[in-house]
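Values below: every heavy atom of this structure, side chains too, minus hydrogens, waters and symmetry copies. When a ligand or atom number is given, it counts from 1 through the structure's own listing order. Numbers here are sequence positions counted from 1.
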Amino acid sequence: MTRKDELIVGLDIGTTKICVIVAERTENGIDIVGIGTHPSRGLRKGVVVDIDATVSSIKHAVEEAELMADCEISSVYAGIAGSHIRAFNSHGVVAVKDREVSPGDVKRVIDAAKAVSIPMDREVIHVIPQEFIIDDQDGIREPLGMSGVRLEAKIHIVTAAVTSAQNIVKCANKAGLNVIDIVLEPLASAEASLAADERDLGVCLIDIGGGTTDVAVFGEGSIQHTAVLALGGAHISNDIAVGLRTPFEEAERIKKKFGVAAARYLASDDVISVPSVGGRRPREVSRKILCDIIEPRVDEILNLARQTLVREGLERRIPSGVVLTGGCSALEGMLDLAEEIFESPVRLGMPTRVGGLQDVVRGPMYATGVGLVLYGAEQDRQTTRFRIRDDSIFGRVKQRMRDWFYQFE
Ligand SMILES: Nc1ncnc2c1ncn2[C@@H]1O[C@H](COP(=O)(O)OP(=O)(O)OP(=O)(O)O)[C@@H](O)[C@H]1O
Ligand SMILES: [Mg+2]
């Protein structure tokens, strides 16, 4: 099949759902041609805890996507999240060799900035240039060909626990897929839902999923901060299950149908019927009580996300406001509560920048999957604007994965 060569596939291994998105490169950009989703059973807080269950979910999602796109999927870009993710900023300085910045100088300065000690149990998954400084001129995004004697680079480094990353590759591998690269989920979500002008001005993306909340802050066009919190919608449902003494599945349903982020946003206080456990009769509960259970958890999630910004001194540097993605952003009143907490404008982030079956992926929970596909497409473009196509970095990633594959054989 000729089409197979042009396909880019994103594999979002989420805590509640596994999502496979197949896209095709066209003259005008990227077209979505297939999607497959299946409930995820083998993850907890964004990390694989049951390989067989995850492999089975991946296989189902892949089959569905293959049927829809009429193709055979062999290689994917996989997402990674979880509280084991650590990210920090670093910088390096080198002398420019021939008074004009060459690709070799850029590579050397990135290598200098990368030269920080990383514990043995952690792997670098991203090295993203934020800006270059030539002599005293800062804010340079594309240094190649510029004159100067001193080149400085500021970079953002993301590391993950080796074992968690290995488990993702292992699951994909066992499902018959080759992993081209592992991508941090907040970066993927940002890729799908943020506009270029928002990134320039300063914006915070928060993806509230089932088991994790991903944070990514952009400013001056590049990434400033990333964080992953091990809290998400499953915790809200769990609170409802415990608080209203109802099965988890019912708590999920009640949350989606009647839940509001804070009781003060309720227009009227209706009464809802809540099924009980152990064969007891359903009970009538006021909707206000339901919202009183939801609010503290949503408040906690949003405040923890905000605190990661405060720690980095970024809370006043997001004039474009906050963009919410992930399944939980569909909770009624979520945007209002986020606006109160962040004291900034908040909007819902929908996957954009894609064509084809875009209606099928037009939900905030597909931001990560669509972002993985866009990330894959971006990797082929020669640019240092957002991330450097440095063969040593990506070569190393591929070599690392090849090493893992050999370990599993
Ligand atoms: N309409 C809705 N109202 C409230 N919550 C919702 C709604 N729709 C989905 N959710 C919640 O969104 C969560 C799932 O979101 P999502 O699909 O983004 O998670 P995931 O990608 O599987 O997980 P993660 O990214 O944390 O690993 C679930 O907790 C679900 O209850
Ligand atoms: Mg997710």
Is a donor on one side and an acceptor on the other found under 3.5 Å between the side chain of [X] and the backbone of [Y]?
X: Arg280; Y: Val277; answer: yes
X: Arg287; Y: Phe258; answer: yes
X: His225; Y: Leu314; answer: no

Distance-only donor-acceptor check, side chains [X] and [Y], under 3.5 Å:
X: Gln358; Y: Arg362; answer: yes
X: Ser74; Y: Asn178; answer: no
X: Ser164; Y: Asn167; answer: no

Item to check | Lys154 bridged to Glu220 by N-O distance under 4.0 Å | outcome: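 Salt bridge flag = no for Glu220 with Lys154.
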Next on the checklist: Between the side chains of Asp50 and Arg44, is the shortest nitrogen-to-carboxylate-oxygen separation below 4.0 Å, so that they form an ion pair?
Outcome noted: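 Salt bridge flag = no for Asp50 with Arg44.
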Polar proximity ligand 1 side, [X] side, N/O cut 3.5 Å exclusive:
X: Asp214; answer: no
X: Asp207; answer: no
X: Gly46; answer: no
X: Ser237; answer: no

Which residue supplies the protein heavy atom nearest to [atom], what is that atom called, and how far is it?
atom: atom 20 (P) of ligand 1; result: Thr16 OG1, 3.4 Å
atom: atom 17 (O) of ligand 1; result: Lys17 NZ, 2.9 Å
atom: atom 8 (N) of ligand 1; result: Gly327 O, 3.6 Å
atom: atom 5 (N) of ligand 1; result: Lys255 CE, 3.6 Å
atom: atom 25 (O) of ligand 1; result: Thr212 OG1, 3.6 Å
atom: atom 1 (N) of ligand 1; result: Ala330 CB, 3.6 Å

Next on the checklist: Test side-chain contact (heavy atoms from CB on, under 4.5 Å) on Ile73 and Leu11; report intermediate values, then the result.
Outcome noted: CA-CA 11 Å; Ile73 296 169; Leu11 171 65; over 6 Å; no
Next on the checklist: Going by the closest heavy atom to atom 19 (O) of ligand 1, which one wins out of Gly210, Ser189, Gly233?
Outcome noted: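 Nearest heavy atom to atom 19 (O) of ligand 1 lies in Gly210.
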[X] touching ligand 1 at heavy-atom level, < 4.0 angstrom:
X: Gly211; result: yes
X: Cys328; result: yes
X: Gly232; result: no

Show the atoms of ligand 1 that are less than 4.0 angstrom away from any heavy atom in [X].
X: Leu331; result: 3 (N), 4 (C)
X: Gly326; result: 18 (O)
X: Glu252; result: 29 (O), 30 (C), 31 (O)
X: Thr15; result: 20 (P), 22 (O), 23 (O), 24 (P), 26 (O), 27 (O)

Checklist entry - Under 4.0 Å from ligand 1, counting heavy atoms only, is it the side chain of Ala234, its backbone, both or neither? => result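 It is the backbone that touches ligand 1; the side chain stays farther off.
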Item to check | ligand 1 versus Glu332: contacting region, heavy-atom distance under 4.0 Å | outcome: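 The answer is neither; Glu332 stays 4.0 Å or more away.
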Checklist entry - In Å and rounded to the nearest 0.5 Å, what is the CG to CD distance from Leu290 to Glu295? => result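 Here the interatomic distance stands at 12.0 Å.
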Checklist entry - Honestly, is Arg199 close enough over Phe218, meaning NZ or CZ under 6.0 Å from the six-membered ring centre and within 45° of the axis? => result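 Verdict for Phe218: a cation-pi partner in Arg199.
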Item to check | Stepwise side-chain contact (heavy atoms from CB on, under 4.5 Å) check, Val33 with Leu7 | outcome: CA-CA 9 Å; Val33 293; Leu7 290 181; 4.1 Å; yes
